[in-house]
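Report on the following structure.
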Amino acid sequence: MKMQISALLVFLLVVTLVPAALPQTESTPIIYTYVSQFQIPRANWAAYSEDSEKSTIPVFEKLVADGSIISWSTSETVVHTSDGYTHGAAWSSTSIAGLMKVLDEIRKSPPRPGQIAATKHEDLLLQTRMYHNGTGEPTYLRGVCSSAKPEKPESYSAMLKKLFFPTFEEQLKKGVATYYGLDEQYVNTSAPSTRCLIINYPNAESIDKWATAINTTMGKWTSAEREEFAAASVPDSRRDFLLRITHSGHK
């Protein structure tokens, strides 16, 4: 997308594959994630996926094994836009140095034909401070991005924690989601106040269950809570994305 918030639409969070071995509290380490996303012509999708399996995934597996990164994923966009990205990869670490090791390894080999076919490319460097990992393997990733009020961006995360996190925790315990977290940019390539809520699901049915739970929660809000929700972000700034995770791994 070309709007300010659009640069964060393909996290293939996947930012969100934080290993369960990390303690799940607000005092957890900051997780840094590097996202590399591409727009691949339809005729080249199969070749791109094959090239990624041969050249990129082995690097991820090697660097998870030696502790440089803690998780990685590749993904395909489910809901496409005319100028959006179709494929992506992401890897996470507790340090920037760990992320850079992946780039160093990948750049030792020339790009493969499926990757050269890309008509558009973008990188993101993100950080995650609030997250909680459940169990199970992710199959779908839903992102809900909004612009927090620039003069007080912390109000957005506080609102989520108060109004939504209790429901998130319930759904995580039920296995409806495998992860949720709130991402922001570490290197600001779009509006610094952009925040993206990321949810990983084990299957498509869980997307429906999650939506039902959220709608039920919002239906019980008082008028004051609805006002708090509306006041935490810039009006009409919300943008969503949905990805299918094709491969993933974690420590």
Side-chain angles (χ1 to χ4, degrees), residues 4-5 7-35 64 67-73 88 90-100 102 123-135 138 141-173 177-200 210 214 228-229 231-234 237-241 243 248 250-251:
Q4 286 183 330
I5 199 170
L8 299 178
L9 277 192
V10 184
F11 282 4
L12 344 31
L13 257 274
V14 105
V15 231
T16 60
L17 296 175
V18 179
L22 288 177
Q24 305 298 320
T25 67
E26 288 189 31
S27 61
T28 51
I30 295 176
I31 301 300
Y32 300 99
T33 300
Y34 196 97
V35 180
V64 164
S68 297
I69 60 175
I70 58 175
S71 63
W72 62 271
S73 68
W91 54 98
S92 299
S93 176
T94 55
S95 70
I96 301 298
L99 299 182
M100 296 302 106
V102 174
D123 295 324
L124 304 169
L125 183 48
L126 311 170
Q127 58 183 339
T128 310
R129 299 171 183 271
M130 299 173 63
Y131 55 88
H132 197 166
N133 210 63
T135 58
L141 183 151
R142 173 76 181 273
V144 180
C145 299
S146 296
S147 292
K149 290 294 181 64
E151 66 274 15
K152 200 173 182 181
E154 66 275 8
S155 294
Y156 186 77
S157 57
M159 177 275 295
L160 287 178
K161 181 179 178 182
K162 174 184 175 182
L163 300 180
F164 286 105
F165 275 25
T167 301
F168 293 174
E169 286 295 316
E170 290 177 1
Q171 298 309 302
L172 205 66
K173 291 177 182 177
T178 63
Y179 168 94
Y180 71 83
L182 185 65
D183 296 330
E184 59 186 277
Q185 298 173 93
Y186 181 75
V187 174
N188 291 294
T189 56
S190 64
S193 59
T194 300
R195 300 290 183 271
C196 285
L197 174 66
I198 303 298
I199 310 103
N200 280 355
W210 180 277
I214 296 302
E228 181 179 0
F229 170 71
S233 61
V234 176
S237 64
R238 173 176 166 174
R239 298 293 184 273
D240 299 354
F241 60 93
L243 309 174
S248 65
H250 58 78
K251 189 173 180 180

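Taken from OG1 in Thr135 to NZ in Lys173, the straight-line distance is 12.5 Å, to the nearest 0.5 Å. To the nearest 0.5 Å, atom SG of residue Cys196 and atom CG of residue Leu126 are 8.0 Å apart. Note that the CD atom of Glu228 and the CE atom of Met159 stand 7.5 Å from one another [nearest 0.5 Å]. With values rounded to the nearest 0.5 angstrom, Arg195 atom CZ is found 10.5 Å from Leu160 atom CG. A distance of 6.5 Å separates OG1 of Thr178 from CG of Asn133, quoted to the nearest 0.5 Å. Considering OG of Ser233 and CZ of Arg238, their distance stands at 9.5 Å, rounded to 0.5 Å.
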- Message: Between Val102 and Ile69, does the side-chain contact (heavy atoms from CB on, under 4.5 Å) criterion hold? Intermediate values first, please.
- Response: CA-CA 8 Å; Val102 174; Ile69 60 175; 3.7 Å; yes
- Query: Between Ser248 and Ser73, does a side-chain hydrogen bond (donor to acceptor under 3.5 Å, both in side chains) hold up when you go through it step by step?
  - Reply: CA-CA 4 Å; Ser248 65; Ser73 68; over 6 Å; no
- Dump the intermediate steps for ring pair (Phe, Tyr, Trp, His ring centres under 6.0 Å) on Tyr180 and Phe164, then the final yes or no. CA-CA 11 Å; Tyr180 71 83; Phe164 286 105; over 10 Å; no
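Closest approach of Val64 and Ile70 over heavy atoms only: CG2-C, 4.5 Å. The nearest pair of heavy atoms linking Val234 to Ala148 is CG2-O, 3.8 Å. Ile198 and Gly143 make their closest contact through CD1-CA, 3.9 Å (heavy atoms, listed as atom of the first residue, atom of the second, distance).
One N or O on the side chain of Lys149 and one on the backbone of Ala231 form a donor-acceptor pair closer than 3.5 Å.
A 4.5 Å side-chain heavy-atom check between Trp210 and Ile199 finds at least one atom pair inside the cut-off. At least one side-chain heavy atom of Ser146 sits less than 4.5 Å from a side-chain heavy atom of Tyr156. In this structure the side chain of Tyr34 never reaches within 4.5 angstrom of the side chain of Val187, judged on heavy atoms. Between Tyr32 and Ser93 the shortest side-chain heavy-atom distance does not fall below 4.5 Å. Between Thr128 and Leu182 there is no side-chain heavy-atom pair separated by less than 4.5 Å. Between His132 and Phe165, every side-chain heavy-atom pair lies at or beyond the 4.5 Å cut-off. The side-chain heavy atoms of Phe241 and Cys145, taken from C-beta on, include a pair separated by under 4.5 Å.
Between the side chains of Gln185 and Thr194, no donor-acceptor pair of N or O atoms lies under 3.5 Å. Under the 3.5 Å distance criterion, with hydrogens and angles disregarded, a donor-acceptor pair is assigned to the side chains of Thr33 and Ser92.
Applying the side chain to side chain contact (heavy atoms under 4.5 Å, CB included) rule to Glu170 yields no partners; only residues at least two apart in sequence or on another chain are considered. Thr167 is linked by a side chain to side chain contact (heavy atoms under 4.5 Å, CB included) to Gln171, Ala213, Ile214, Thr217, counting only residues two or more places apart in sequence or in another chain.
No more than 12 heavy atoms of other residues, nucleotides or ligands shown are found within 6.0 angstrom of OH on Tyr186.
Checked for salt-bridge contact, Arg142 and Asp240 meet the test: a charged N lies under 4.0 Å from a carboxylate O.
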